[in-house]
2 protein chains.
Amino acid sequence: MAKHDSDLSLLFRALADPTRRSILTRLAETPARVTDLAGPTGLRLPTVMRHLSVLEQAGLITTSKDGRIRTCAIVPQALDPVRTWLDEQRDIWEARLDRLDAFVMNVMKEGKE
Amino acid sequence: MAKHDSDLSLLFRALADPTRRSILTRLAETPARVTDLAGPTGLRLPTVMRHLSVLEQAGLITTSKDGRIRTCAIVPQALDPVRTWLDEQRDIWEARLDRLDAFVMNVMKEGKE
DNA sequence: GGAATAGTTAGCGATATGGCTAAGCATGAT
DNA sequence: ATCATGCTTAGCCATATCGCTAACTATTCC
């Protein structure tokens, strides 16, 4: 299940880690060097590097190296597929709310296990 | 990192699996039994059970048992935290687009590695 | 009661994830 | 040339994930 995963899976997995989300939030302020990103996390450089590569593979950030310094920056449109999927789901879920209501009523009547 | 994870992490991790997303989409149509959900996936029952418990722990579905049949249904508002986080990020990301633009220009000028 | 059905539990194996240290390499400063 | 800085690679360890089979429990049907 880890071979040719969809973009969506890569994105969701990248976002599933608090450290990575905090890195993203930090990068949203301004691009930063790897060391700068490592600081707040309290994690070692190699560990942060791994997080960064996960983020980059998911397309959430880009990095570029100038001399010995690698600078990381967010890719603003990278979250679009997530938003799209979420919107689709909302559409479907709400379209079926009538049936759901019926079901929930039923559950409540019987008591949930 | 797997101990007391935030709701957001649980949600994102639950959504990171294609099988689980397809189960959610299926459940959005109408509540269903475990066996009904297993069918389309081609997976064995215990495997599907595991996916369901991940979804349930993330708060994305509820289940209730009537006799020997367990019925599963989506929890419509469960995606709200995800949407909220996404909206927050969009706000921040776009607020800083000016700086980002400057950075991107810089990168392009130097050639990306 | 006995058999079929629906789900559950236990546990195995392969792989992925998230942390680390140690060592290496390239660049910039002196 | 030497040394400090910044990143990178390799590899280890513990735990988590995702699939499975086998065996068990609980309903329902005949």
Side-chain angles (χ1 to χ4, degrees), chain A residues 1-6 8-24 27 31-58 60-73 110 112-113, chain B residues 1-6 8-24 27 31-58 60-73 107 110-113:
Chain A
M1 185 67 51
K3 282 288 167 56
H4 34 66
D5 241 1
S6 79
L8 219 39
S9 295
L10 283 181
L11 282 169
F12 278 129
R13 266 202 289 129
L15 295 174
D17 187 287
T19 300
R20 287 196 287 267
R21 288 199 304 276
S22 79
I23 288 179
L24 279 183
L27 281 181
R33 304 179 308 161
V34 175
T35 307
D36 293 339
L37 294 173
T41 65
L43 298 175
R44 302 293 182 173
L45 264 190
T47 306
V48 174
M49 287 287 298
R50 217 181 187 64
H51 283 305
L52 291 177
S53 88
V54 170
L55 288 170
E56 191 169 18
Q57 280 191 7
L60 284 163
I61 68 172
T62 42
T63 75
S64 68
K65 199 164 179 180
D66 181 19
R68 60 183 166 178
I69 293 179
R70 178 171 297 279
T71 307
C72 311
E110 304 180 27
K112 182 188 163 194
E113 193 269 328
Chain B
M1 185 68 49
K3 284 284 167 57
H4 33 65
D5 241 0
S6 78
L8 219 39
S9 295
L10 282 181
L11 282 169
F12 278 129
R13 266 200 291 126
L15 296 175
D17 187 287
T19 300
R20 286 195 288 266
R21 288 198 305 277
S22 79
I23 288 179
L24 279 184
L27 281 181
R33 303 179 310 159
V34 176
T35 306
D36 293 339
L37 294 173
T41 66
L43 297 174
R44 302 293 182 172
L45 263 190
T47 306
V48 173
M49 287 287 297
R50 219 187 186 65
H51 284 305
L52 291 177
S53 89
V54 170
L55 288 170
E56 190 168 18
Q57 281 191 6
L60 284 162
I61 68 172
T62 43
T63 74
S64 69
K65 200 165 177 180
D66 181 18
R68 61 182 168 178
I69 293 181
R70 179 171 296 279
T71 307
C72 310
V107 169
E110 304 177 29
K112 183 189 164 193
E113 191 273 328

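So that the names make sense, note that chain A is the first sequence line, chain B the second, and so on, each numbered from 1.
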| remark: To the nearest angstrom, the CG-C1' distance between A/Leu45 and D/dT9 comes to 13 Å

| request: Could you check how far CG of B/Leu43 sits from P of D/dT21, rounded to whole Å? | output: 11 Å

| query | Is there a side-chain contact between B/Val48 and B/Thr19, using heavy atoms and a 4.5 Å cut-off? | reply | no

| Side chains of B/Ser9 and A/Asp17 in contact at under 4.5 Å (non-hydrogen atoms) | no

| said: Taking Watson-Crick (N1-N3 plus N6-O4 or O6-N4) and G-U wobble (N1-O2, O6-N3), each under 3.5 Å, can you produce the dot-bracket string of DNA chain D? Use [ ] for crossing pairs and | for inter-strand ones. | reply: ||||||||||||||||||||||||||||||

| What side-chain hydrogen bond (donor to acceptor under 3.5 Å, both in side chains) pairs are there with at least one residue in residues 31-46 of chain B, not counting sequence neighbours? | B/Arg33-B/Asp36

| message | Walk me through whether A/Leu55 and A/Leu24 qualify under side chain to side chain contact (heavy atoms under 4.5 Å, CB included). | response | CA-CA 9 Å; A/Leu55 288 170; A/Leu24 279 183; 4.0 Å; yes

| said: Using modelled atom types and a 3.5 Å cut-off, is there a donor and acceptor pairing between side-chain atoms of B/Arg13 and backbone atoms of B/Leu8? | reply: no

Kindly give the atom pairs (protein nitrogen or oxygen, nucleotide nitrogen or oxygen) under 3.5 Å for nucleotides 9-11 of chain C.
none

| field | Of B/Thr47 and A/Arg33, the one whose closest DNA chain D nucleotide lies more 5' | value | A/Arg33

| message | Just so I know, are the side chains of A/Leu43 and A/His51 near enough to count as touching, which here means a heavy-atom distance under 4.5 Å? | response | yes

| said: Output the rounded distance in Å from CG (A/Asp17) to P (D/dT15). | reply: 18 Å

| Which of these passes side chain to side chain contact (heavy atoms under 4.5 Å, CB included) with A/Leu60: A/Ile23, A/Leu52, A/Leu11? | A/Leu11

| message | On DNA chain C, does the nearest nucleotide to A/Val54 precede the nearest nucleotide to B/Ile69 from the 5' side, or the other way round? Give the residue. | response | B/Ile69

| query | B/Gln57 CD to D/dA16 P: how many Å, rounded? | reply | 12 Å

| field | N or O in side chain of A/Arg44 less than 4.0 angstrom from C/dA22 OP1/OP2 | value | no

| said: Nearest whole Å is fine: how far is C/dA6 P from B/Leu37 CG? | reply: 13 Å

| A/Leu55 CG - C/dG18 P separation (whole Å) | 10 Å

| task | Specify the separation, in whole Å, of atom CZ of A/Arg13 and atom C1' of C/dA16. | result | 8 Å

Can you name the atoms? Protein N/O to nucleotides 24-30 of chain D N/O, anything below 3.5 Å, with the distance.
unit_1: D/dT27; atom_1: O2; unit_2: B/Arg68; atom_2: NH1; d: 2.9

| request: Any chance you could measure B/Ser6, atom OG, to A/Arg21, atom CZ, to the nearest 0.5 Å? | output: 4.5 Å

| message | What's the closest nucleotide to the side chain of A/His51 if the choices are C/dG19, C/dA6, D/dC18? | response | C/dG19

| field | pair A/Leu27-A/Leu37: side-chain heavy atoms closer than 4.5 Å | value | yes

| query | A/Thr62 and A/Glu56: side-chain donor and acceptor closer than 3.5 Å? | reply | no

| query | Between B/Arg20 (side chain) and B/Ala14 (backbone), is there a donor-acceptor pair under 3.5 Å? | reply | yes

